[in-house]
Structure formats: structure tokens, C-alpha cells
Amino acid sequence: QLQASGGGLVQAGDSLRLSCVANGRIYSSSVMGWFRRPPGKEREFVSAIRWGVGNTYYTRSVEGRFTISRNKAENTVYLQMNNLKLEDTATYYCARSYSGLSTVEKDYADWGQGTLVTVSS
């Protein structure tokens with residue numbers, strides 16, 4: 001139901017924009033989030049946006065560098081990633097929550113397949 005894309009190999013300091021398209025309508029009460037799993041580590045929260053009102057939330061390590069946004073007409077959520085760092089290397093997942101704004105993985109019911117972002121020096 002969620003299709004993520006946009007990953008790739010970039011150098012430190014570069015930018016990438018990830019996209020996540022949802023099949024079907026995204027309800028205003030839903031929250032769309034991005035998580036990531038660095039190599040050898042657990043999946044972690046990155047950012048989220050309330051679909052209806054557009055409130056956003058970021059984990060501290062990406063604040064000021066990443067921007068989450070949405071296009072309601074296209075049922076698409078984006079993650080603009082600027083000034084990428086080596087530690088941003090991870091598989092990025094988009095997800096949908098019906099439980100409100102949350103940084104907790106278990107609160108997200110629907111998941112995309114993941115897109116790999118590799119940042120090199």
C-alpha cells in the first residue's frame with residue numbers, strides 16, 4: 001500500500017528527496033512517518049507529519065537538515081534530506097499511523113518496502 005523511492009548513493013553534503021506514494025486515500029487523521037534502519041542497527045524514527053493539518057516532527061539528529069512534506073492530491077509524502085552525513089546511511093521506510101503522531105514503530109500499521117540511502121565520504 002505504500003511505495004517508497006528516491007534512495008541512492010551520494011556523497012556527504014549532498015541532498016536526496018525520498019518519496020512515498022500511498023495507494024488509496026490517506027485520511028486527515030492519519031500520520032505519515034519516515035523511519036530508517038542503519039546497517040547493523042535497529043530501525044529508528046526520523047520524521048512524521050500529520051496528514052490533515054501538516055504538523056511535523058523530527059528526531060533531533062536530522063532537525064534543520066531534513067524536511068518532511070506532503071502532497072495531498074497525489075497521496076505522497078516526501079522527505080527532503082540536505083547536507084547528508086555518513087551516519088544517515090540506512091534503509092529508509094515510510095509508514096502510516098492511525099494512532100496519532102508517534103515516534104514508536106509499533107504505532108505504525110502500514111509500511112513501505114524501504115529505499116536504501118548510502119552516504120559516502
Side-chain angles (χ1 to χ4, degrees):
Q1 293 187 355
L2 301 178
Q3 183 76 27
S5 63
L9 173 63
V10 297
Q11 292 188 320
D14 285 351
S15 298
L16 271 179
R17 188 177 78 160
L18 305 183
S19 300
C20 176
V21 180
N23 290 330
R25 179 184 175 186
I26 301 176
Y27 291 94
S28 295
S29 58
S30 297
V31 170
M32 298 299 293
W34 287 98
F35 287 74
R36 65 186 180 187
R37 187 193 301 275
K41 296 184 179 180
E42 297 294 316
R43 191 155 56 184
E44 62 186 20
F45 172 81
V46 176
S47 181
I49 184 168
R50 292 186 186 275
W51 193 254
V53 297
N55 299 61
T56 59
Y57 189 79
Y58 301 91
T59 193
R60 185 167 296 181
S61 63
V62 307
E63 277 185 329
R65 299 188 299 120
F66 290 11
T67 302
I68 190 170
S69 62
R70 83 251 194 259
N71 183 321
K72 289 185 173 182
E74 297 185 357
N75 287 336
T76 302
V77 61
Y78 302 100
L79 186 68
Q80 177 67 42
M81 305 185 295
N82 297 331
N83 190 21
L84 283 160
K85 302 178 179 181
L86 297 180
E87 53 264 38
D88 294 319
T89 294
T91 299
Y92 284 72
Y93 300 86
C94 61
R96 172 165 46 193
S97 170
Y98 303 100
S99 306
L101 193 61
S102 173
T103 64
V104 179
E105 191 175 332
K106 68 177 180 61
D107 290 333
Y108 289 79
D110 303 324
W111 290 83
Q113 83 287 3
T115 184
L116 178 62
V117 173
T118 304
V119 184
S120 65
S121 59

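Nothing here was measured: the structure is a model prediction, and the numbers come from that model.
Residue Gly52 comes nearest to Lys72 through the heavy atom pair O-NZ, 3.0 Å, listed as atom of the first residue, atom of the second, then distance. Closest approach of Ala90 to Pro39, counting heavy atoms only: CA-CD, 4.4 Å.
Here Arg37 does not pair with Glu44 in a salt bridge; the nearest charged N to carboxylate O distance is not below 4.0 Å.
The closest side-chain heavy-atom distance from Gln1 to Arg96 is below 4.5 Å. The shortest distance between side-chain heavy atoms of Leu16 and Leu84 falls below 4.5 Å. With a 4.5 Å cut-off on side-chain heavy atoms, Glu105 and Arg43 count as touching. Residues Thr115 and Leu18 have side chains in contact (heavy-atom distance under 4.5 Å, counting atoms from C-beta outward). When side chains are defined from C-beta on, Thr67 does not count as touching Met81, because their heavy atoms never get closer than 4.5 Å. For the pair Val77 and Ser69, the minimum side-chain heavy-atom distance is 4.5 Å or more. Side-chain atoms of Ser47 and Thr59, non-hydrogen and from C-beta on, never get closer than 4.5 Å to each other. Proximity of Met32 to Ile26: side-chain heavy atoms (C-beta onward) are separated by under 4.5 Å at one or more points.
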Applying side chain to side chain contact (heavy atoms under 4.5 Å, CB included), run through Thr91 and Gln113 and close with a yes or a no. CA-CA 9 Å; Thr91 299; Gln113 83 287 3; over 6 Å; no
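Sorted by first and then second residue, the side chain to side chain donor-acceptor pair (under 3.5 Å) pairs involving residues 2-31 (not counting sequence neighbours) are Ser15-Asn82. Residue pairs meeting the ring pair (Phe, Tyr, Trp, His ring centres under 6.0 Å) criterion with at least one partner in residues 61-86, sequence neighbours excluded, are absent.
Shown here is Glu42, whose CD atom has no more than 12 heavy atoms of other residues, nucleotides or ligands within 6.0 Å.
No side-chain donor from either of Tyr98 and Asp107 sits under 3.5 Å from a side-chain acceptor of the other.
Of the possible polar contacts, one joining the Arg70 side chain to the Trp51 backbone as a donor-acceptor pair under 3.5 Å is found.
Applying the 4.5 Å side-chain rule to ILVMFWY residues, one finds Val31, Phe45, Tyr57, Tyr93, Leu101, Tyr108, Trp111 in the same cluster as Phe35.
Cluster annotation: Leu86 is connected to Leu79 through the hydrophobic network of ILVMFWY side chains, with a link wherever side-chain heavy atoms come within less than 4.5 Å.
Taking OG1 of Thr89 as the start and NZ of Lys41 as the end, the distance is 10.5 Å to the nearest 0.5 Å. Between the OG1 atom of Thr56 and the CD1 atom of Ile68 there is a distance of 7.5 Å, given to the nearest 0.5 Å.
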